[in-house]
Participant: 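Handing you this structure, nothing more for now.
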Amino acid sequence: MTALVAALFVVALAAPWVVRSIGRNAFVLLSVPLFAALCWLLATRRGLDLIHWVPSYNLNLAFRLDALSLLMAALVTGVGGLVVLYCSRYFEAGEEGLPRFAGYFLAFAASMLGLVLADDLVLLYVFWELTTVFSYLLIGQDGGRLEARRSALQALLVTTFGGLVMLLGLVMLSTVAETWRLSVIVTQPPRGPEVTAALVLILVGALSKSAILPFSVWLPSAMTAPTPVSAYLHAAAMVKAGVYLVARLSPAFHDVAAWRVTAMALGALTMVLAGWRALRETDLKLVLAYGTVSQLGFLTTLVATGTREAALAGVALLLAHALFKSTLFLVTGIIDHATGTRDLRRLTGLRRELPVPFWASVLAAASMAGLPPLLGFVAKEAAFTAYTHDGTTATVTLAALVAGSVLTFAYSARYLWGAFAPKPGAEPREVHRPGPLFLAAPVVLSLAGLVAGLVAGPLNAALTPYARTFPEGDRPVEGLALWHGVGVPLALTLLVIAAGTGLFLAREPVARLGARLALADGQEVYRDLLYRVDRAALQITGYTQRGSLPSYLGVILVTAIVLVTGALLLGSPWPPAIAHVWDAPAQLVPAGFVIVGAALALRARRRLTTVVLVGVTGYGTAMLFVLHGAPDLALTQFLVETLSLVIFILVLRRLPVHFTEKLSPVRRVTHSVIAVAVGVVVVVVGVLATGARSLPPVSVVFPKTVADLHEHNIISALIVEIRSWDTLGESAVLGIAAAGLTSLIFLRHRAPRHLPDPAAETSPRNVWAWSPEGDEEEPPPEWSQAKADRPERPWLRGSETLADERRSLIFEVVARLVFPPIILLSLYLLFSAGSSPGGGFAAAIVAGFGLVIRYLAGGRYELSEAAPVGPGLLIGLGLALSCLTGLAGLLFGGSVLTLGVWEGAVPLLGKVHLSSSLFFDLGVYLLVTGLVLDILRSLGAGIDGQVEREARPGERREETVV
Amino acid sequence: MSTLLAAPPGTIPAPTIEYTQLAPMMLVFGAAIVGVLVEAFAPRHLRSAVHVPLTLLSLAGAFALTILLAVDGTRNVAAMGAVAVDGPSLFIHGTILVLAFVSVLLFNERLQFVSQAASVPGSTEEEDSLEEGAVQTEVYPLALFAIGGMLLFSAANDLLAMFVGLEVMSLPLYLLCGLARRRRLLSQEAAVKYFLLGAFSSAFFLYGMALIYGFAGSVDLAKINDALGSASGRDTLLYVGAALLGVGLLFKIGAAPFQAWKPDVYQGAPTPITALMASGTLVAAFGAVLRVFWVALGNLDWDWRPVMWGVAILTMVVGAILAITQTDIKRMLAYSSIAHAGFLLTGVIATGGPAQNEEALSGILFYLVAYGFTTVGAFAVVTMVRDAGGEAGHLSRWAGLGKRSPLLAGVFAFFLLAFAGIPLTSGFFGKYAVFAAAVSGGATPLVIVGVVSSAIAAFFYVRVIVLMFFSDPAPDGPTVDVSSMGTAAVVAVAAAATVVLGVLPQPVLDLADAAAHSLFVR
């Protein structure tokens, strides 16, 4: 069987090529494999194939042939073969897309065969989804039309959804049963609440495939497919898959109420409602489509009931339905082909024009309506018999089935009348007579329905093995027969005929009534649902994905708050936190500054204000360090804070003054709340973390360690000795960062380092000019005065290049005077680090401030005057010095970064403590000075240069990114 | 730190480094450093010619070394407990290296990467560099660093090494995201967003790590797990620390509510980088998630599981629903990646006894391989569909692609079906593996949510397929650029992997089972 299915897939692969080379007659050839498969199946009758596929998951390629599979497989191959034959005349020669169609069609047949033969749940699911995909491709065959696309999509969505739900059910079922083998599960059915849940999920899949309410919407709209597709997929094969699955599992699970009652109730409801709907459709195919939905409901009810009689009736009806419904579809195709319409109001007098299709239809419609001696009659009699015993459920079901049969009778008659009867109002249309090959399939199928009805006995024998998988009832099964004798079923059939005839005669009022009573159109519900999903997705996207960094960050922060708060609650009782809130009341003052600064920073609208306020929090922290007795930390913190402020201001020159985004009050409040909440949570966690200390603090260990090293300043010892490796690494990182900064700003142009020649006529005096050069406006008189008073030798040489309105004599003088003391202070901090606050890092930043002052007073050329060396040189020297000190340790002390200490008295200075760490620190000093210089040169002077270039006329303006 | 202080300099015992076991990682990092030197010293016109073979060979070499290690069978903790060499990490390394190799094949610096990253978009410098034909060949060493980071991140056996791996992986990626040749402002915005949000999440990770250290007195994953039983009275630190670690890790895998960066970044980044992130980063991040939550916090699973349930559900639903409205192909794939992260999380949750853990782990590993290949393939197709202005990102431009280039559109449709988890694609067995593990781990409701969101996502994929095959192509529609052999090879490899894993998954499942068999070393 594995080979059979595989062979059909191979045929499907070859089909496009065959059709392309010999045209539509290739379909005749392509029907041969299907008929051959039918013969093989009928000859084999029983069998089992087992190949291990994915042993990890215990998945097998398991195929099994038994009575039910044989019936389904025979339908799939037999009806399939006939429909393929029919295709050879249905399509025009050379129609576009025909080769593809042939491939899809045969692949579908192969998948369907695999589906009904599969004995492994996953394999079943695989084929199940394959039929979905191929049916989608077949329905959407006429891809150019919007309608075809839509209905194909709809069919795919509904059945894929059902399929996935079913997969879940299958997985659950097999987990409980501990096997994937369908036959094993059916013979040893598991029980339990999980199984019930699994069965409901499986039922969703089965019902959606078989278009049972509430999933019936897709089948009628799938009628946009070419007629052979409708005849095969939507009458004989695919829609039966759901019924097949219910039939397959019912022997094991019919006693699970959720399974039986749901399936029976929905089936009966579908049978009645869809039958009612079929009475008012005017498109022949839609009449048949709703009729199919109705019959599928009938079938579902029968196979879910769980008695031998109902099961036998179910499989008999399954066969009957496949035969008569595909006949009717194929005839509809012929009519469509011959007249160009399927509207039953416009067709007239075809009985004479198309006698063979007419008689085939009569046989099929009679079988559908349940008239003797056709198979439909036999099946329906058996069905009625199955429910004539006592019991409320049986009686209610019987009533629904009889009502549904009445409707079936009425729409069968309406179909015949609509397709073939002469109608007074309609114009006769020109008719193309179909050839024998076109007629073969419907004729064979309709005759098969007749023959099967006449030979009910052998059919009974073939189908009974399936019925026997159900438990024996309290009365003997009557079996399928043409004549059961006079009884309730026969009376009911007469009732059906009478009432159905009445309904048919009153067809027009009935159609009007039906249109008026229509509560909800499935299509509209479906469209509404899709629309709502789209809307919801759009709204959620608009809400969550606004592309704004603050809102993304807000979500992350809020989640973090929630998680951490949850963790805090979970972790209670908390460890005893620090008992006191402050060490000294004086701490409250800087703490207050920090809090107020942070709060105001939230509200500020100018960038600069925000930066300054954030700076306030830093200075407040530094004050706290001071109060806590950590002057070294405080010094560094003050210096770094100031340096950051300077850098910020240098950069902010290029940005708009105000934050560009206008915040609504709501968002402003939201942001503030989030910010405060994060702050509170961080504080709480911090307090708890401090309270959870279990080891002695470093303040116990450090002094001794440092004393061992003959040092006095713990911080500087920490930086240059204990963690000198870290410092070395950080120095390298700092150097790299400086290089990166430079390369970002000076992409192409290096800032000129030397003063422009003062003798040159074109000597610029335009640094920091308020308006671009070339502006003819006279400077105000006091500036002209200042120009006249210019001394022979300026206080700052670079200031010569400043625009006049930017010069300030006082500032220049102060800068000139203050610079040497600042450098001296910085050197003091460097050399005193061993015993008092300071160190290379802090010292370098102080030196940097000297440079900042010179730059601010004298402009960018003054910077090069103040520091005639390049930052690269300083950084390189600094790094080299640090590294060499480390290597010297290797040379003298045996390992890298070993310390050497020398103490002695030096005249004038007193006792001097020298250690190799001083050289190390000197390296840090040079490096950091270089970094500050680099920042000033790039973010200060470099940006000045850019501004000037942009202001200069005749050069292309650069666009700035904000 | 305390050890550094306690021992005077010179008496610290020299760490032992198992060079053989760390060889794959070292090869990648070494090649990255050589790549930097090439940038510094090789003449401009030769750089590309050196970088491409260097990068590919080092990745292939590292893969070969990983195989050797796997065959060799040693499973222990290397580099003083910093790096785990065990079944899962070797499997994940192999996966990352193959996916990275494939992603690097997509690099085409003249087509996808900016000519000069530092030039302002639209400026004269940019025009000049374009005229010069400059290319930013740094992408190769940067990518190698990122890949090395992925290897370390996923195999780290202590939180410190994990953090280093996280940063080494992330920093080059932040940069690479901003290097797209077209739509540079979008690309730079993506890079800034990714960087800022990523920095925040790293900070959370670091903070959490500090608190965990406060709780356990160690950053070693196994020691943290040991401390769960013994250290009492400091539970708050543990819970808060675990929550913050979780924030950092979940951000990296793009789980909701930390998913917001993914669409923006995936869209803005150069597509090969997106492919690398969507495959390699995701795999590495899941490796890390498993190590933290299974090894370090393994005995805490009763506490983190409810949160993870919520996260997984939210991730799957958000990923599926938001994908529906997307009109950009890369954004859509980003949401798909979010949803898949959610599916994978259902596997992470499915802990239990050793047998259960093995099943779940093996499922996750298989899923990662399957998804990784499919997603790289999908992004490779994205790079091939081009407009005058670069890649045709808008979905409406893809209308009728099936008529214009049936093969490519067919392959793409196949990838989409694999994302949807249709049988006979690798996606089916991937989903099957984690969902089955989740069901047997007692997370059936989660699986139901997973299936429903797969159905919702399938809805969207199917719409794209319909658009490609059943709409008429626009007259000025995009062209399909098949000039790059590398890209074509990637598409072919990814399609083959998706088919083979969907039809004959057993060999890879065997590998995953074997890798998961001994679980994580501690």
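Computed from a prediction, not measured in an experiment: that's the story for all the values here. Lettering of chains follows the sequences in order, A, B, ..., and the numbering in each one begins at 1.
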Participant: Sort Glu189(B) into side chain, backbone, both or neither according to what part of it lies under 4.5 angstrom from a heavy atom of chain A.
Facilitator: side chain

Participant: Return the option, out of Leu237(B), Val192(B), Ile324(B), Val240(B), with the maximum number of heavy-atom pairs under 4.5 Å with chain A.
Facilitator: Val240(B)

Participant: Sort Ser201(B) into side chain, backbone, both or neither according to what part of it lies under 4.5 angstrom from a heavy atom of chain A.
Facilitator: neither

Participant: For Arg331(B) and Pro263(B), which heavy atoms make the closest approach, and how far apart are they?
Facilitator: NH2-CB, 3.6 Å

Participant: Can you say whether Ala433(B) sits under 4.5 Å from chain A via the side chain, the backbone, both, or neither, judging by heavy atoms?
Facilitator: both

Participant: Measuring from Tyr461(B):OH to Ile422(B):CD1, what's the distance to the nearest 0.5 Å?
Facilitator: 11.0 Å

Participant: Supply the atom-to-atom distance Leu168(A) CG to Ser454(B) OG, rounded to the nearest 0.5 angstrom.
Facilitator: 10.0 Å

Participant: Highest number of heavy-atom pairs under 4.5 Å with chain B: which of Val681(A), Ile556(A), Leu563(A)?
Facilitator: Ile556(A)

Participant: To the nearest 0.5 Å, what is the distance between CD on Gln267(B) and CD on Gln326(B)?
Facilitator: 8.5 Å

Participant: Among Leu115(A), Leu130(A), Leu167(A), which residue meets the side chain to side chain contact (heavy atoms under 4.5 Å, CB included) test with Tyr125(A)?
Facilitator: Leu167(A)

Participant: NZ/Lys431(B) to OG1/Thr425(B) distance, rounded to the nearest 0.5 angstrom?
Facilitator: 8.0 Å

Participant: Check whether Val307(B) gets within reach of chain A through its side chain, its backbone, both or neither, counting any heavy atom under 4.5 Å.
Facilitator: side chain

Participant: Return yes when atom CD of Glu194(A) has more than 12 non-hydrogen atoms of other residues, nucleotides or ligands closer than 6.0 Å, and no otherwise.
Facilitator: no

Participant: Is chain A contacted by the side chain of Phe428(B), its backbone, both, or neither, given a heavy-atom distance below 4.5 Å?
Facilitator: side chain

Participant: Would you mind telling me which of Leu244(B), Ile448(B), Val452(B) has the largest number of heavy-atom pairs within less than 4.5 Å of chain A?
Facilitator: Ile448(B)

Participant: With a 4.5 angstrom heavy-atom cut-off, could you sort out which part of Val171(A) is near chain B: side chain, backbone, both or neither?
Facilitator: side chain

Participant: Let me know if Trp128(A) has heavy atoms under 4.5 Å from chain B in its side chain, its backbone, both or neither.
Facilitator: neither

Participant: For Phe251(B), does its backbone N or O pair with a side-chain atom of Trp261(B) as donor and acceptor, under 3.5 Å?
Facilitator: yes

Participant: Considering only heavy atoms, which portion of Ile321(B) lies under 4.5 Å from any heavy atom of chain A: side chain, backbone, both, or neither?
Facilitator: both

